[in-house]
Amino acid sequence: MLQIHNSLTKNKEVFTPIEPGKVKLYVCGMTVYDLCHVGHARVMVVFDVVTRYLRASGYDVTYIRNITDIDDKIIARANENGEKIQDLTERFIAEMHHDADALGVIRPDQEPKATESMADIIAMIETLIIKGYAYAADNGDVYYDVSEFPSYGKLSGRQLDELRAGERVAVNEAKNDPLDFVLWKAAKPEEPAWESPWGRGRPGWHIECSAMSSRCLGQHFDIHGGGQDLQFPHHENEIAQSEGAHGCQSVNYWMHNGFVRIDDEKMSKSLGNFFTVRDVLEKYSPEVVRYFILTSHYRSPLNYSDEQLEQAKSALTRYYTALRDVNVQQSVQWQQDQDFGVRFREAMDDDFNTALALSVMADLRQAINKAQSINPERANYLAGLLVSFGHVLGLFQQNPQDFLLTGSDDLDVALIEQLIEQRNQARASKNWAKADEVRDQLNAMNIILEDNAGQTSWRRV
RNA sequence: GGCUGCGUGGCAGAGUGGUCAUGCACCGGACUGCAACUCCGUUUACGCCGGUUCGAUUCCGACCGCAGCCUCCA
């Protein structure tokens with residue numbers, strides 16, 4: 001029975017979908033003005049695994065991840081670049097897809113854009129005004145009146161007066177209360193703008209998600225995800241907007257993933273301590289990055305370092321070595337396996353405990369190696385099982401040789417195989433000095449040899 | 001200051017009131033011409049101080065340390 005840690009209640013709860021067999025999932029996506037960094041990769045991978053696991057558990061999942069393609073940073077960046085806003089956002093949407101695809105992240109069912117949702121956004125703001133949750137200010141902005149929403153703060157565990165006591169709330173003359181947040185911003189000259197009942201302007205960030213989630217999934221859906229930093233104010237405001245406008249609960253389960261850190265500090269654009277996915281993929285294969293992300297629980301912080309990536313790479317190499325040496329049985333259904341399958345399910349059912357699931361897979365890998373010589377049929381089945389688990393986590397889907405030779409594009413395979421042949425001839429005539437000399441030569445090329453059952457295979461360091 | 005969360009062996013990281021996490025690395029052994037791969041085995045833990053308990057890394061309290069949110073952020 002799947003249990004999910006719900007940020008709203010701060011408890012692990014048994015997951016019960018609104019409609020049996022179906023799951024409606026919304027995740028806050030990227031603001032597209034720059035390349036994705038490893039923190040973005042984590043969100044994408046985490047909710048990719050959530051979606052894959054729900055589907056593997058038999059649910060019909062509708063997965064929505066929005067794109068914020070209009071906001072202050074986008075406007076600022078486009079101006080800096082002397083680039084049209086739409087050119088900028090389309091460019092970075094393409095880059096985002098490029099990175100996500102590389103990481104094996106399955107595309108969401110829909111990726112709604114803010115700029116294509118203006119009618120929904122405006123309609124929702126109108127509803128909020130009519131219901132008394134929002135007001136148009138003299139300056140052309142429209143604000144949400146937080147004092148009208150009694151449970152404001154329920155997600156982030158805050159009280160209005162606590163927030164007011166905070167020193168960092170910006171003073172804005174047009175607001176009735178400093179905590180009121182903007183739904184619609186009056187356009188400044190030169191800024192992109194849309195017509196609205198309150199004049200030309202553009203939407204605030206928070207209202208976009210409320211409008212897009214309710215359009216794509218309805219007023220009440222199952223799971224809403226995003227990074228921990230969005231809990232307040234973004235998701236708090238989404239609740240106020242959606243529940244204010246619709247008069248019903250909007251989300252049953254809120255899921256927030258932990259940050260990626262560098263040297264125990266949050267990785268973020270504003271701190272400037274980030275690595276882009278692009279940077280990392282120059283050095284490590286995408287699957288290594290994915291494995292690294294899944295080694296810790298999604299709610300825990302994840303410290304990024306080369307050492308960790310190297311560990312992930314070594315671990316993956318062992319899995320692929322095991323898979324290389326068997327004939328993987330096709331179409332194994334892990335759900336039917338009474339041993340490893342049950343353990344895997346228990347791990348994943350426990351709030352998507354991928355770290356624990358990986359330990360089951362490590363045991364399985366060892367079982368494959370042990371069975372390989374004494375019971376090849378069994379080994380082939382277990383390997384199929386491993387690949388079946390891997391499908392849920394987005395791992396082990398490539399040809400083992402392709403992984404083990406990753407980064408070999410620049411290598412002269414013909415030369416390598418020729419050298420291996422030379423070495424094997426030397427070995428056959430027990431010319432060990434010559435054989436070792438050739439192997440040293442290959443090692444210097446970052447090639448590692450493995451002599452197995454009369455066969456010599458090779459891989460990259 | 002307010003509100004969250006965390007502190008596990010060399011590194012990473014699950015988990016539990018009283019037998020094993022797991023991975024990477026290290027060490028010993030088997031295999032190998034020697035290696036590599038693989039297998040077997042060993043070592044290294046639960047921030048500090050109290051309390052509850054027959055027994056606490058696990059529950060409770062204080063303390064110390066760290067991170068996050070309270071402003072844009074995945």
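In what follows, chains carry the letters A, B, and so on, assigned in the order in which the sequence lines appear, proteins first and then strands, with residues in each chain numbered from 1.
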By ring pair (Phe, Tyr, Trp, His ring centres under 6.0 Å), His234(A) pairs with (sequence neighbours left out) Trp205(A), His206(A)
With both pairing distances under 3.5 angstrom for Watson-Crick or G-U wobble, and | for a partner in another strand, the correct string for RNA chain B is (((((((..(((.....[...)))..((((.......)))).....(.(((..]....))).))))))))....
Nearest-Å distance, [atom1] ([X]) to [atom2] ([N])?
X: Asp161(A); N: C70(B); atom1: CG; atom2: P; answer: 18 Å
X: Asp350(A); N: G13(B); atom1: CG; atom2: C1'; answer: 15 Å
X: Arg299(A); N: U4(B); atom1: CZ; atom2: C1'; answer: 12 Å

Residues pairing under side-chain hydrogen bond (donor to acceptor under 3.5 Å, both in side chains) where one sits in residues 305-315 of chain A, two or more places apart or in two chains, turn out to be Lys283(A)-Asp306(A), Tyr284(A)-Glu310(A)
Which nucleotide in [options] has an atom nearest any side-chain atom of [X]:
X: Asp436(A); options: C37(B), G5(B), C34(B); result: C34(B)
X: Arg423(A); options: C37(B), A35(B), C72(B); result: A35(B)
X: Leu356(A); options: A74(B), C70(B), A14(B); result: A14(B)
X: Phe259(A); options: G33(B), C70(B), G68(B); result: G68(B)
X: Met30(A); options: G33(B), A74(B), A25(B); result: A74(B)
X: Glu450(A); options: A74(B), C69(B), A36(B); result: A36(B)
X: Asn257(A); options: G33(B), A74(B), G23(B); result: A74(B)
X: Gln308(A); options: A12(B), C37(B), A35(B); result: A12(B)

Taking atom [atom1] in both [N] and [M], compute the distance separating them and give it to the nearest angstrom.
N: C20(B); M: U16(B); atom1: C1'; answer: 12 Å
N: U58(B); M: A21(B); atom1: C1'; answer: 15 Å
N: A62(B); M: C6(B); atom1: P; answer: 15 Å
N: G28(B); M: C46(B); atom1: P; answer: 26 Å
N: A25(B); M: A36(B); atom1: P; answer: 12 Å
N: C34(B); M: U43(B); atom1: C1'; answer: 27 Å

I'd like to know if Lys113(A) and Glu208(A) make a salt bridge, using a cut-off of under 4.0 Å between side-chain N and carboxylate O.
no
Does the distance from a Lys or Arg side-chain N to an Asp or Glu carboxylate O, for Asp351(A) and Arg299(A), drop under 4.0 Å?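 Between Arg299(A) and Asp351(A) there is a salt bridge, with a charged N closer than 4.0 Å to a carboxylate O.
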Any N/O donor-acceptor pair, [X] side-chain to [N] base, under 3.5 Å:
X: Asn353(A); N: G15(B); answer: no
X: Gln311(A); N: G23(B); answer: yes
X: Glu162(A); N: C3(B); answer: no
X: Arg439(A); N: C34(B); answer: yes

Inset, instruction - Working to the nearest 0.5 Å, report the span between CD of Glu80(A) and NZ of Lys73(A). - result: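 Those atoms lie 11.5 Å apart.
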With sequence neighbours left out, the residues meeting side chain to side chain contact (heavy atoms under 4.5 Å, CB included) with Pro301(A) are Arg261(A)
message = Classify Lys313(A) by what it touches in the nucleic acid, base, sugar-phosphate, or nothing, heavy-atom distance under 4.0 Å.
response =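 Nothing, no nucleic acid heavy atom in range.
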Worksheet entry | Asn11(A): side chain to side chain donor-acceptor pair (under 3.5 Å) partners, not counting sequence neighbours |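 Asn11(A) satisfies side chain to side chain donor-acceptor pair (under 3.5 Å) with no other residue.
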Quiz question: by atom type and distance under 3.5 Å, do the side chains of Thr276(A) and His37(A) form a donor-acceptor pair?
no
Specify the residues of residues 364-386 of chain A, ordered by number, for which at least one heavy atom lies under 4.0 angstrom from an atom of RNA chain B.
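When residues 364-386 of chain A is checked for heavy atoms under 4.0 Å from RNA chain B, the hits, listed by number, are Arg365(A), Gln366(A), Asn369(A), Lys370(A).
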*N/O donor-acceptor pair under 3.5 Å between Asp145(A) side chain and Ser147(A) backbone*: yes
Report task. Answer yes or no: is there a donor N or O on one side and an acceptor on the other, between the side chain of Asp337(A) and the main chain of Phe340(A), under 3.5 Å? Result -> yes
